[in-house]
Amino acid sequence: MKTVPEYFGCMVFDDRIMKARLSGKIYNSLRKTIDEGAKLDISVANAVAEAMKDWAISLGATHFTHWFQPMTGITAEKHDSFISPSPDGGVIMEFSGKELIKGEPDASSFPSGGLRATFEARGYTAWDPTSYAFIKGKTLCIPTAFCSYGGEALDKKTPLLRSMQALNKQALRILRLFGNDSVKCVRTSVGPEQEYFLVDREIYNKRRDLIFTGRTLFGAKPPKGQEMDDHYFGIIKPRVAAYMAELNEELWKLGVLAKTEHNEVAPAQHELAPIYSTTNIATDHNQLTMEIMQKVAEKHGLVCLLHEKPFAGVNGSGKHNNWSIATDTGINLLTPGETPYENAQFLLFLVAVIKAVDDYQDLLRLSVATAGNDHRLGANEAPPAVVSIFLGDELEGVLEAIENNTPYSAAEKTEMKLGVHVLPKFIRDTTDRNRTSPFAFTGNKFEFRMLGSSNSISCANIMLNSAVAESLKIFADRLETAADFDAELHRIIKETIHEHKRIIFNGNGYDDEWIKEATEKRGLLNLRTTPDCMPYLLSKKNVDMLTRHKVFTETELKSRFEIMLENYTKTVGIEARTMTDIAKKEILPAIENYAADVSAAAAKKLAVDPTLTCGYEKGLVKQLSILTDRIAEKAAELDEAIAKSASISDIAEESCYIRDEILPRMSELRIPCDEAETITSAKYWPFPTYGELLFGVR
Ligand code: ADP
Ligand code: MG
């Protein structure tokens, strides 16, 4: 058996393979493209394509695909085989530089939010050489960006790359001002912690709500839920352990740095975290991880649920986006340094993030807005919909001292001065153990915790990178023209703390008191649902910022506004239709059968002894009958609302109607159904219960 170092990345056309299979000249030229974005010559592309093909064929590949990330949030691929006919009736395997660089998938069915009229349906894909090609099954996958012929981004990768570019540009300006001339490039890194549920496939197959919507739409609270806290970090069951082992192996072959695995808080809930990497690669890898998680589950008779809220009354799943900024020379700009000067630079980057999160709370919130995630954010679950930053007492103390010109510790007697004081080292564990903050500083990185488990991490990082680029731009503009650099630097840091400290909150984010304080006293936004958030995408402030940094054009933003709301209305629409369908076709008939049998049993008893009261049967049948009436009534009301929503043509209006009229009716329909489940014989209930789903993997 091969050891992990022997097979790690064996399915990736990574630097090791490039070095081994490309001539020195070709390799250097490709490296220049990867590292510095230099244009790729077609002769180089041809040589790379040839080497990629030979390598892929040697590993059993027969096809290639341009692997891209349309705005559906999942990845897309269209496979083409390498074969080309030869005159003798056989075939040869071919793959050209042109095919490597550019593809033209027939992409007319991908959402474009009006960007691409169907007559010019053919968007194109363009190779992203910064993310390595890899083999999945029998297909060589080439990571690509997906654009329209007008050049508009139709995917989640293009704006992410643009946002990284924007941040790079502004961060370099700042570093130059601090006298750092050796850094060539600044990149953000991300380590996304991925939560998921595993359920037994046979049990899953009996639940049409899970099959159609990824979450349960019905289900009474089981006798045992997560109250014992016995699952978190608990012993991993053998079947789950076997799943995790194979998952790791598959991910490692693909070069994904899967590192940590453990049971999560809810029964049947687990987490996988990779070692962090450059944001673009981390995003590709997270998409791959989600895909492989589902594939491997199938092999083990399991289903991996990535939905944010598969079960009511049980913790949902999120994704923690650990984010930092680092130079190509290996310096993490969010780490306090060894010298006062380095610390002044650290503080400038720190306040840049604080300013960015405060100024663009709306963009951060909407970047994670989906119908699924609305069940977590703003619904008494982790974290709240109000964006705030946790810094920890130590760092907050430092900022306070700077703002107020006071000593920053009791031992010190002099005022906190930048460029004089060395900051205390932040030991990780003395900073964040606060799990309720949406955006927490954890010693050398920020952890953005609002992402939903099924979200692509791309959107959140696009907004984060762009917002921080904007803060840095404003700072650089001032510093570059300042007469006295040190004085201006001090002023910027002090002013920024003063203006943006309202976003800093170290307390319990779940507390109702906090939500009140945040919204009423501090004026922070509390955008609870997707329809609440989305209009902010098109506000002047946000359009100006995102276009200024060339991350989005205004047209692209309008299209994304449409698509995000369309995803929302479609998702809830499917849920609503699935719900009335199950209520009418499965739940009502089941209760009817049961009530009929209970009645028949009572009748039989009465035939034996007419003096019996049959109080139990009569009471039960009455209760069931009241519930069936209510279910029928609530299903009819929901049907009516669904019909009405279909007649609304404006997408923003429709999404509000769905939030205000459809979702509440779904909750109303669920109540009598779940109640009926608790008094109906298990034998009659048409699908597995929460107890079976949550404790069914044995
Ligand atoms: P937890 O938050 O569960 O305590 P860790 O903080 O150890 O776990 O790690 C969470 C994730 O943060 C991992 O994916 C890890 O690789 C990532 N991470 C660690 N350091 C950085 C960094 N400098 N930049 C980005 N991500 C990082
Ligand atoms: Mg974490």
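Counting starts at 1 for both ligands and their atoms, following the listed order. None of the values given here were measured: they were computed from a predicted structure.
Using a 30° and 60° split on the angle between ring planes, His262 and Phe233 fall in the perpendicular class, above 60°. Between Trp67 and Phe134, the ring planes lie perpendicular to each other; the angle is over 60°, past the 30° to 60° tilted range. Note: His307 and His375 have tilted aromatic rings, judged against thresholds of 30 and 60 degrees for the angle between ring planes. Between Tyr243 and His300, the two ring planes are perpendicular [angle over 60°; tilted spans 30° to 60°].
Atoms of ligand 1 found under 4.0 Å from any heavy atom of Lys445 (numbered from 1 in listed order, with element): 6 (O), 12 (O), 18 (N), 19 (C), 20 (N), 21 (C), 22 (C), 26 (N), 27 (C). Numbered from 1 in the order shown, with element, the atoms of ligand 1 that lie under 4.0 Å from a heavy atom of Gly191 read 14 (O), 26 (N). Residue contact check: Ile275 has heavy atoms under 4.0 Å from atoms 16 (O) of ligand 1. Taking every heavy atom of Ser189 and a limit of under 4.0 angstrom, the matching atoms of ligand 1 come to 25 (C).
Residue contacts with ligand 1: Glu271 is placed with no nitrogen or oxygen under 3.5 Å of a nitrogen or oxygen of the ligand (distance criterion only). No N or O atom of Trp323 sits closer than 3.5 Å to an N or O atom of ligand 1. Of the N or O atoms in Pro274, one or more lie within a sub-3.5 Å distance of an N or O in ligand 1.
Checking Glu193, Gln194, His320 against atom 2 (O) of ligand 1, the nearest heavy atom belongs to Glu193.
Only the side chain of Glu447 comes within contact range of ligand 1, with a heavy atom under 4.0 Å; no backbone atom does. Contacts between Lys259 and ligand 1, counted as non-hydrogen atom pairs separated by less than 4.0 Å, are absent for every part of the residue.
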> Yes or no on ring pair (Phe, Tyr, Trp, His ring centres under 6.0 Å) for Trp514 and Phe505, after CA distance, side-chain angles and deciding distance?
Replying inline: CA-CA 9 Å; Trp514 159 239; Phe505 176 63; 3.7 Å; yes

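Between the side chains of Ser163 and Ser466, no donor-acceptor pair is found at a separation under 3.5 Å.
With Glu264 as the partner, the side chain to side chain contact (heavy atoms under 4.5 Å, CB included) test is satisfied by one option alone out of His270, Glu195, Gln226: Glu195.
Heavy atoms of Asn332 come nearer than 4.0 angstrom to ligand 1 in at least one pair.
Remark: Asp155 pairs with Thr158 by the side-chain hydrogen bond (donor to acceptor under 3.5 Å, both in side chains) rule, at least two apart or across chains.
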